[in-house]
Each structure stands twice: as C-alpha cells, then as structure tokens.
Amino acid sequence: MPDEPQTDGRRTADRDFEVDLDDVLEDDEGDEGLFDDLLSGEPIFENKEVLRPSYTPHELPHRKDQINNMATILVAALRGETPSNILIYGKTGTGKTASAKFVSQELEKTSQKYDVPCEVEYINCEVTDTQYRVLAQLANTFIEQNRGFVDDRVEELQDLRNEAESDPGALAAGDADFDSVDAVDDRIEALLQEKSEMEDVPMTGWPTDRVYTRFFEAVDYVERVAVIMLDEIDKLVEKSGDDTLYNLSRMNSELENSRVSIIGISNDLKFTDFLDPRVKSSLGEEEIVFPPYDANQLRDILQHRSDVAFKADALSEDVIPLCAAFAAQEHGDARRALDLLRTAGELAERDQAEGVTEEHVRRAQDKIELDRVVEVVRTLPTQSKLVLYAILLLEDNGVHNVNTGEVYNIYKTLCDELDADVLTQRRVTDLISELDMLGIVNAVVVSKGRYGRTKEISLSVPVDETEAVLEADSRLSDIENVTPFVQARFDN
DNA sequence: CATCCACAGGAACTTGGGGGCA
DNA sequence: TGCCCCCAAGTTCCTGTGGATG
C-alpha cells in the first residue's frame, strides 16, 4: 500500500472534525468504558434522520399550491397522455426538490395502482453535468428496466410453455397466439437475443449521438410515459449548452410507443435567457415558482419536523424562532434552518446538556460556516490552494484589497520555491473568480482610472483556520519553509 | 476631452487521460 | 495497435473598458 501514510494523515485530520475523541478520553476516569459517558446523558434526539437534507417529508407545509399545480399537470401521464413540460424556479432550500420528489413518488405509486406504465427518472445536473453523462445515465436506467421487462415476459412464456406441454389448449388461451410449443420457444429465444443486445452505455468513449440513439431505443422499447426530472438544470445549460434539452424536447415527435416529459428545476430565474427559443418555449410550457419561505413559515416547518426529531421538551422555547430567523436572513433557506437545528442539537448532545438552548443555536451557526469553509478549502485543487495562499500571505502582511497583479506575483514566487507548475495570469484570474464564487474571497472589479482596471480581492474567511487547513495539505507541506522567501519580496 | 493603464473575460485551441472499437 | 470519442484543465490570442490624469 504505497499511499498508506496519506490515508493515515486524513484519518487523523477527520477525527478532529467528527468527534472530539480527546475530550472523551480526558473525561474517561474510573472503570467506565469509552462510550458509557456518552450514553449516560439524556438523549436529545428521537429521530435525527428527519432533519437531514436527504429526507423527503410526507408533508410539505406552505407548498400545497405548488404541489397541486404539479399534480394537475402530471395527471395527464396517468391517462397515458404526454404531460406538459414543467419548469420549476426557486432559490436553494425553498422545497423545490422535495416537492418534486414527493409528487413523483405519488405519481409512481398511483401509476402502479392503476397499472399505467409511467416512470420518473431523477437526475441531478450538478453531478451529471454534461450531455453525454445525462444521456448515458438515462439510457442505462431504461436499459436496466427493459431487461427486467424481458425477464418477466420470458418467465411468463416459459410458464405458458410448460402448461402447454400438458395441455395444448393453453396456447390458445394465452394473450398472444402461438400455434405450437416451438413457436413459444422461438419467441423466448428471440427475446433473450434482444436482451443480450441491451448492453449498458459505457461511462465514456462513445460518440454522443450513439448514446442518444441507444437512449432513444431504450425509452421506446415499451409503451410508457417517462418523466425526466432534471434538478439544477441551470448548471447543465451553463456547462454544456442547450443541446441536451433540445434533443430531449424534440424526442416526442419521433417516439412511437412512449412519451417523454421533462421537469426542469432551476435555482436561477433567468437561465432560460440563454436557451434556444424553441427549447425555451417547449420546456417552459408550465412554470411554477417557489418563493422563499419567510420566518413564520420556516418556524412551521421546523416545528413540524422537530416534533418527530426531538424528545419532548428537549428544545427551549426560543430555539425554533431563532433558527427560523437566522435562516430567513439567508434568503429563506429551509435546508439551512434544518441544518442549524440539527447541529444545535448535536452540540447540545455533546455538551450532555438537558436540552437545546439559544446558545447552542448561535454556536451551531458559527460551526456550520466554519465547517463549510474548512471543507471547501481542504478539497480545493492544488493550484487554487496556491492562489489562496498567496492572497493569505498578502493579507498577513497587512495588504488589504489586493489586486490580481500582486496576487499573481506572489503566486509565481510561491510556485518557483515549491517547484510547482506556474499557470498563466489568465488562468489565475479564473481561479480567483472560482474562489470568489465559493465565498472564500471577495473579488470586485474596480477601475482605478489611469492605474487600470483590476479585481480588488479580500479574504472573507478567518485567516488562521484557513492557513492551518492549507498547511495540512501534503503537497504544500514545504510551504512554511518557503514563506520566508516570499516574505523577502515584501521588503523590496 | 482624449488617453491609456492593467487588467477582465470571451473564443478557440492544446494537452493528456479517461475510454471504445476493428 | 491505431484511430475514434469525451472531458477537464490550461494556454494563446484577443477585444473591451471605467475613470483618473495630463
């Protein structure tokens, strides 16, 4: 195992963020075991899962209108018609995804009840962010399903065949007319042959149009209505244009057996501006807007979930209003509110407190922010880390609102000393913009008249923590030894 | 009022690494 | 093996520009 030391290093680092083992060990006196202490405290949570973002609730307060609206549109699928395409708008944490998933679950449930072939495929375009990958993923899920259909059909035919061997009359009673047992065998063989041709689309390697064809065939293999749900659709358009959407939206005119319908979910209200007008009109047949929650609505949601999540009386009175207020400031983000509540609970649990207090919420607020920053910085690519370190050094030396040129100069010396590749300034400006979008730095374009136009960059995270995280990176391990060389530059 | 700085940021291209297929 | 594809990261070349200054 050549990478053993690295793994070890990561484990130690993780430990500090996950559970504070040192604290536990210090308290470990007498013959009590390691976990006894932790267990002895009155538990605060009843069911923590319902506070996690992955949990899809059965009831979404203050979203009845939107849900009914979606249902009205999608009910067409149950009648075997093509539902209109839907575009859903709303900022993060406004319940778009949860509502859409809820509706699709109900849709699939009902479709099974009435035996109407109708499926919903969910794709998160932030993860699956190119045309190729979207098509490949869709193709593979449908291919998988089709194999299932073939298996079912083959089984059916085999039963029929077995029955027919003892009672020739059974053939006529079957749903398809076979005049002999051999005919049934032939059919089975043909089906198995078809199945063997249903290979998965590889993750990479094929031309995109071939993937498209494969996907097309897979959808059209049986009669059905396929609802394709594209979450964070703006990310897809931003990265790889509207070809995917164009292809998907014109599919219906060529499909013979099945119909497809698209549900696009977007954070960005204006993303249709970049679309081809044809795509825009077809995709936006129906539009549903999810407005941000206000503090009162957030309070309802939190109340709702905390009844299930916490033990009775575990929350002091002002906890929920405070969480709601904090989250309402962040454009009414319910996910954030739930996170806050959960983290506050975890902090209280770790303190072995009786219940969650206002104080825990405030600490949770800080912890979430710091955790986010630490995680983002830790997972940054090396080059971005170098750029960030350059900004950090400038800040350390009392230079605030630095501009691109200064950063680039420091970055260059840093790379020289570390023996790393030096990127062009063009690339570094992009990296700075990325850091800006991640909220690690704040970069504003300003014009200094005669002295040019540049970005004014300032750090928007705590210096010490960030520095610690950067120095923990093995690839930058020499950085501390290098700093003096860079420091020397400031003397000039 | 024109000039001109110091970049911003778009477009097209290259490189190298993932893979398929005959 | 050679030729095809896709993709991320990076490079080259480029045009655009807000406003202090001469």
Side-chain angles (χ1 to χ4, degrees), chain A residues 3 123-140 143 196-218 232 235-248 270-271 273-276 376 379-391 394 399-412 414-416 418-438 440-458 473 475-476 489:
Chain A
D3 56 349
I123 288 189
N124 186 332
C125 301
E126 183 153 36
V127 188
T128 315
D129 61 353
T130 65
Q131 163 156 238
Y132 186 98
R133 289 209 267 260
V134 169
L135 291 177
Q137 193 177 322
L138 286 171
N140 284 338
I143 287 170
S196 71
E197 280 164 18
M198 293 180 184
E199 302 160 76
D200 278 346
V201 175
M203 280 143 51
T204 168
W206 283 10
T208 306
D209 54 346
R210 185 170 165 193
V211 183
Y212 177 77
T213 316
R214 185 49 74 79
F215 163 60
F216 187 93
E217 287 165 2
E232 320 241 358
K235 297 274 161 47
L236 177 67
V237 175
E238 193 180 294
K239 277 212 62 186
S240 42
D242 52 9
D243 291 2
T244 321
L245 300 179
Y246 179 70
N247 284 333
L248 288 178
K270 287 184 298 180
F271 98 102
D273 294 357
F274 311 112
L275 295 179
D276 186 301
V376 168
T379 54
L380 238 35
T382 313
Q383 288 294 347
S384 299
K385 283 184 175 168
L386 285 168
V387 173
L388 180 59
Y389 203 85
I391 300 170
L394 283 159
V399 195
H400 301 291
N401 294 336
V402 286
N403 55 42
T404 312
E406 293 173 72
V407 173
Y408 187 64
N409 283 334
I410 303 296
Y411 160 82
K412 257 195 306 196
L414 217 51
C415 286
D416 281 350
L418 278 173
D419 222 12
D421 292 345
V422 183
L423 302 182
T424 52
Q425 181 157 336
R426 178 69 189 81
R427 182 64 188 141
V428 170
T429 51
D430 278 351
L431 292 180
I432 293 173
S433 300
E434 280 168 29
L435 291 175
D436 181 28
M437 284 204 299
L438 290 168
I440 301 174
V441 303
N442 194 351
V444 199
V445 254
V446 289
S447 179
K448 294 184 174 170
R450 175 50 44 111
Y451 306 104
R453 231 161 86 88
T454 181
K455 274 200 179 101
E456 237 173 35
I457 305 150
S458 58
D473 188 317
R475 288 160 299 185
L476 308 184
R489 287 188 52 95

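Below, read A as the first sequence line, B as the second, and so on, with proteins coming before strands; counting in each chain starts at 1. Computed from a predicted model, the values in this text were never measured in an experiment. Values reported hereafter were calculated over all heavy atoms of this structure, with side chains retained and with hydrogens, waters and symmetry mates removed.
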Review item, nucleotides 9-13 of chain C N/O atoms under 3.5 Å of protein N/O:
from	atom 1	to	atom 2	distance (Å)
dG10(C)	OP2	R427(A)	NE	3.0
dG10(C)	OP2	R427(A)	NH2	2.9
dT11(C)	OP2	T424(A)	N	3.1
dT11(C)	OP2	T424(A)	OG1	3.0

Which one of N409(A), L386(A), V387(A) satisfies the side-chain contact (heavy atoms from CB on, under 4.5 Å) criterion with L414(A)?
L386(A)
Can you tell whether the side chains of K239(A) and D129(A) come within less than 4.0 Å, N to carboxylate O?
yes
Can you check side chain to side chain contact (heavy atoms under 4.5 Å, CB included) on L248(A) and Y212(A), steps first, answer last?
CA-CA 9 Å; L248(A) 288 178; Y212(A) 177 77; 5.6 Å; no
List the protein contact pattern of nucleotides 14-22 of chain C with one symbol per nucleotide (5' to 3'): B for base contact, S for sugar-phosphate-only contact, - for none; contact means a heavy-atom distance under 4.0 Å.
--BBBBBB-
Can you sort out the partners of S433(A) under side chain to side chain donor-acceptor pair (under 3.5 Å), two or more places apart, ordered by chain and number?
K455(A)
With sequence neighbours excluded, residues passing side-chain contact (heavy atoms from CB on, under 4.5 Å) with V422(A):
Y408(A), Y411(A), K412(A), C415(A), D416(A)
Terminal helix-axis angle for the helix from dC1(B)-dG22(C) to dA22(B)-dT1(C), with five pairs defining each axis and rounding to 10 degrees
30°
Covered region of DNA chain B, 5' end to 3' end, by chain A [heavy atoms, under 4.0 Å]
dT3(B) to dC21(B)
Is D242(A) reaching over with its side chain to a backbone N or O of L275(A), donor-acceptor style, under 3.5 angstrom?
no
Partner residues of D243(A) under the salt bridge (Lys or Arg N to Asp or Glu O under 4.0 Å) criterion, sequence neighbours left out:
none
With a 4.5 Å heavy-atom cut-off, do L380(A) and L435(A) have their side chains touching?
yes
Residues within residues 200-210 of chain A bordering DNA chain B, heavy-atom distance below 4.0 Å
P202(A), T204(A), G205(A), W206(A), R210(A)
Value in whole Å for how far the P atom of dC7(C) lies from CD of Q131(A)
8 Å
Using side-chain contact (heavy atoms from CB on, under 4.5 Å) as the criterion, list what pairs up with E238(A), not counting sequence neighbours.
none
Sugar-phosphate, base or nothing in reach of D421(A), heavy atoms under 4.0 Å:
nothing
Do I391(A) and L394(A) come close enough that some side-chain heavy atom pair is under 4.5 Å?
no
Tell me which pairs pass salt bridge (Lys or Arg N to Asp or Glu O under 4.0 Å) where either residue lies in residues 201-213 of chain A, with sequence neighbours left out.
none
Using the test side chain to side chain donor-acceptor pair (under 3.5 Å), find all partners of T130(A) that sit at least two apart in sequence or belong to another chain.
none
Could you verify whether a donor N or O on one side chain and an acceptor N or O on the other, from Q137(A) and T128(A), lie under 3.5 Å apart?
yes
In this structure, OG1 of T382(A) is separated from CG of D473(A) (nearest 0.5 Å) by 6.0 Å
Results of side-chain contact (heavy atoms from CB on, under 4.5 Å) for S447(A) - residues two or more places apart only
R453(A)
